[in-house]
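Here the structure is laid out as structure tokens; the discussion comes afterwards.
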Amino acid sequence: GNCLALGVAAAEILPIEALQTKTLVTSLRRLVQLLPGADCSDAETSEFNNLHAQDLEEVADISTLFELARREGGLSTASIADEKVPESLRNKIGLFSKRGWVAPIDSHLIDRSDWTAVFILLGLFPGQYDRIIERIPASELDQNLRDLKSRIEKVAAEFPPHGMYLNAMKSTPENRA
């Protein structure tokens, strides 16, 4: 057919507002990339549908994750043991809770670092570290951490102190009303 559902028309996406926008933009980008010419082929339609379905599965996983955490007041492997959780999400949780690992994902919506941040934000921590870290020399790890700390301090120094920022926000016209 010649009808296409995008963004929130294709799936309910809660609670992450930015994810709605990202889903829509990704869908539009793919549509333009795969936009058929006069000879609309089934291959183009099929490719778009497959990629879009993968994105929507990932969105459903992260929405389910937030809903479980909201209901349970946090997230733990015990809290999801008896829940009806999609297999794809159960695998992600299992891998992360075991050794802090998130499998590479082909999606353009939620990358590995985002999944890691969400798991930790919701209170799920790995039982052990990933053993691959043992292959990196301690001196290299130390240097990487020092470099990261330095970059964070540099960026943080560019921002005003929190109290000053809050006072500035209170003094804006839209916040005085």
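These figures come from a predicted structure and were not determined experimentally. For the numbers below, each heavy atom of this structure counts, side chains included, while hydrogens, waters and symmetry mates do not.
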- Message: Between Leu28 and Leu51, is there shared hydrophobic-cluster membership here, with clusters defined by ILVMFWY side-chain heavy atoms closer than 4.5 Å?
- Response: no
Identify every side-chain donor-acceptor pair in residues 137-145 under 3.5 Å, counting partners at least two apart or on other chains, and give the distances.
residue, atom, partner, partner atom, Å
Gln143, OE1, Arg146, NH2, 2.9
Gln143, NE2, Asp147, OD1, 2.7
Asn144, ND2, Glu140, O, 3.4

- Message: I want to check something: taking the side chain as every heavy atom from C-beta on, are Leu65 and Trp115 in contact at a cut-off of under 4.5 Å?
- Response: yes
- Item | Pairwise side-chain contact, His52 with Asn49, heavy-atom cut-off 4.5 Å (strictly under) | no
- Going through the distances and angles, do Phe48 and Gln33 end up as a side-chain contact (heavy atoms from CB on, under 4.5 Å)? CA-CA 9 Å; Phe48 179 89; Gln33 289 171 343; over 6 Å; no
- Item | Residues Lys149 and Glu153 bridged, charged N to O under 4.0 Å | yes
- Message: Count I, L, V, M, F, W, Y as connected when their side-chain heavy atoms are under 4.5 Å apart, and connections chain through other members. Are Ile62 and Val25 then in the same cluster?
- Response: no
- Query: To the nearest 0.5 Å, how far apart are CG in Asn50 and CG in Asp55?
  - Reply: 11.0 Å
- Shortest non-hydrogen contact from Lys22 to Asp114? NZ-OD2, 4.5 Å
- Message: Minimum heavy-atom separation for Glu58 and Ile110, please, with both atom names.
- Response: OE2-O, 3.3 Å
- Note on the structure: Closest non-hydrogen atoms of Pro126 and Gly100, given as atom of the first, atom of the second and distance, are CB-N, 3.2 Å
- Hey, quick one: are Ile93 and Leu95 part of the same hydrophobic cluster, counting side-chain heavy atoms closer than 4.5 Å, chains of contacts allowed? no
- Test side-chain contact (heavy atoms from CB on, under 4.5 Å) applied to Arg135 and Ile132, step by step: CA-CA 6 Å; Arg135 295 183 180 184; Ile132 198 156; 4.3 Å; yes
- Query: Is Val118 reachable from Val102 through a run of I, L, V, M, F, W or Y residues, each pair having side-chain heavy atoms under 4.5 Å apart?
  - Reply: yes
- Query: Do Val155 and Arg151 come close enough that some side-chain heavy atom pair is under 4.5 Å?
  - Reply: no
- Message: So which atom in Arg112 and which in Trp101 form the shortest heavy-atom distance, rounded to 0.1 Å?
- Response: NH2-NE1, 3.5 Å
- Message: Grouping I, L, V, M, F, W and Y whenever their side-chain heavy atoms are under 4.5 Å apart, do Phe66 and Phe96 come out in a common cluster?
- Response: yes
